[in-house]
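First comes the structure, then the notes that go with it.
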Amino acid sequence: MSTTLDLHSHSEASEDSRAPLEAYLNWLKLRRAERPVDGVVLTEHRQFNKDADYRALEDRFGLLVLKASEVETDYGHVLVFGVTDEMTRRFDFANVHLPAQEVIDEVARMGGVAIPCHPGRPNVGLCEHYAKKPALENVVAVEVLNGGSRKGEDERSVELAQARGYRTIGGSDSHLVSLIGLCATRFEAAINTIDDLVRELRSGDYAPVDFRPRRKPVPHAVPVEVKQA
Amino acid sequence: MSDANNLTYESVQIGDALGPAEVYLSKDQVRAYAKACGMWTPRFTDDEGARKEGLPGMITPGNMSLAILSKLVTDWVAASGARIVRMGTTYRQPVMPDHTLTLQGFVTHKNESDRTAEMDIWIESDEGDRLVIGTATVHFPR
């Protein structure tokens, strides 16, 4: 049984989102036909809410809700899956200059997996840092489909993954309710817990999936003549 | 889908669409806005001057983008008596004049206790990039 998860989303717990989790789940239920995801992973900016319990919402909507974090490093933004107390003691998640190599290695040692996200994005992505600094070691995967990407960013991410042999994931990076689930990752295995997710990200069979609607180009309009009064 | 001509809190449904509406924004319109708002600086008025600031050409002031997005909401509200009580926007990429913009939004949730509806709103470029994204809260009187 396969599982499709949006691996990158921000709820109102992140300072730049006003999207309640309940609204996300309701939207996925409404748009099930066009965005057939089985759940979401909340990757709040620079924090991890260990105590948040979403079981009631999971039961109500029949969707899986897992918790992770998006941290900021000297090589750009990184998603951390399988966050433990040991990790939050070892690293100050609020620090916007975390050492990426240490994050990747230490998170792995502590039982999680750290995955650079939107690597093709200027300033906060891996590609730009690789142009100036040595490549990171032990990178398992990178996010190559990001719902917030601008033109060319995902393409750069794919090129990086192909050149380095990284595995690839997708996520919406949604900060708005209606954008949840537009990009996701399909796993061949069943995933029910964060431990399942970490195991599959490390060694399972998965690929990014794109549910964004194909858009017809908008024709260039003719300026409207403004008559002077 | 709620009836735009008779919009009430009760008739609004989660998933209702605002737009899409296409708007062509000319450089002259942007210059006129910048002049009226006392923002007569090269980045809003002159391609060459904007490029000297590192921009790809003259751009639309953020306030103007916000105003354009607010019109998407007020057109949806029409004469229903509802009003915008909050808007918030994030500017992801410069809005370049002399392009066709698409305005779009969706009602995402409602709050019975204060009779408000929340909506996502955004401005898309003619290539489909979301240039400005945001949310708005609309209050419906009893």
Side-chain angles (χ1 to χ4, degrees), chain A residues 10-12 14-35 45 118 121-124 146-154 172-182 210 212-229, chain B residues 1 13-33 56 86-94 96-111 116-137:
Chain A
H10 299 275
S11 78
E12 57 197 340
S14 291
E15 80 284 356
D16 56 352
S17 170
R18 279 179 55 89
L21 174 60
E22 182 178 350
Y24 271 150
L25 300 180
N26 192 44
W27 196 264
L28 287 174
K29 190 177 153 195
L30 287 171
R31 300 299 173 106
R32 173 80 189 155
E34 60 201 62
R35 301 175 202 179
H45 290 296
H118 43 68
R121 189 162 300 169
N123 303 319
V124 294
N146 179 292
S149 283
R150 289 164 283 195
K151 187 174 277 300
E153 290 180 359
D154 284 349
S172 70
D173 198 1
S174 180
H175 292 69
L176 296 184
V177 171
S178 57
L179 305 182
I180 190 76
L182 282 176
D210 192 349
R212 289 175 288 194
R214 293 291 153 256
R215 188 176 182 278
K216 286 182 186 170
V218 176
H220 203 71
V222 178
V224 177
E225 186 183 343
V226 180
K227 290 181 180 169
Q228 300 295 322
Chain B
M1 180 73 70
Q13 294 178 30
I14 294 170
D16 281 356
L18 286 76
E22 288 178 11
V23 172
Y24 180 86
L25 197 57
S26 72
K27 287 181 180 174
D28 282 346
Q29 285 172 309
V30 170
R31 288 188 189 105
Y33 183 94
R86 186 202 59 80
M87 275 185 75
T89 45
T90 302
Y91 300 90
R92 300 168 64 105
Q93 292 185 69
M96 310 296 293
D98 270 1
H99 285 271
T100 301
L101 306 172
T102 301
L103 316 177
Q104 194 167 9
F106 290 102
V107 176
T108 57
H109 47 297
K110 295 170 65 179
N111 189 341
T116 58
E118 290 279 330
M119 53 215 65
D120 292 347
I121 47 178
W122 61 82
I123 298 176
E124 246 175 48
S125 72
D126 43 13
E127 294 183 321
D129 282 342
R130 289 186 199 91
L131 308 175
V132 181
I133 64 170
T135 57
T137 307

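A note on names: the letters A, B, ... follow the listed sequences, proteins ahead of strands, and every chain is numbered from 1.
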- Query: So do B:Thr90 and A:Asp16 actually touch side chain to side chain, heavy atoms under 4.5 Å?
  - Reply: no

- Check each of B:Thr108, B:Asp120, B:Thr135 against A:Ser178 using the side-chain hydrogen bond (donor to acceptor under 3.5 Å, both in side chains) test, and report the only one that passes. B:Asp120

- Residue pair A:Arg150 / B:Arg92: nearest heavy atoms and the distance that separates them: NH1-O, 3.2 Å

- Item | Taking every non-hydrogen atom, the tightest pair across A:Arg18 and B:Thr137 | NH2-OG1, 3.8 Å

- Using non-hydrogen atoms and a 4.5 Å limit, figure out which bit of A:Arg212 sits close to chain B: side chain, backbone, both or neither. neither

- Query: Tell me, side chain or backbone of A:Leu176 under 4.5 Å from chain B's heavy atoms, or both, or neither?
  - Reply: both

- Note on the structure: Residues at least two apart in sequence or cross-chain that pass side-chain hydrogen bond (donor to acceptor under 3.5 Å, both in side chains) with B:Gln93, listed by chain then number, are none

- Using a cut-off of under 4.5 Å for heavy-atom pairs, which of B:Arg86, B:Met119, B:Arg130, B:His109 has the most such pairs with chain A? B:Arg86

- When the 4.5 angstrom heavy-atom criterion is applied to B:Val23 and chain A, the contacting part is neither

- Highest number of heavy-atom pairs under 4.5 Å with chain B among A:Leu30, A:Val177, A:Asn26 belongs to A:Val177

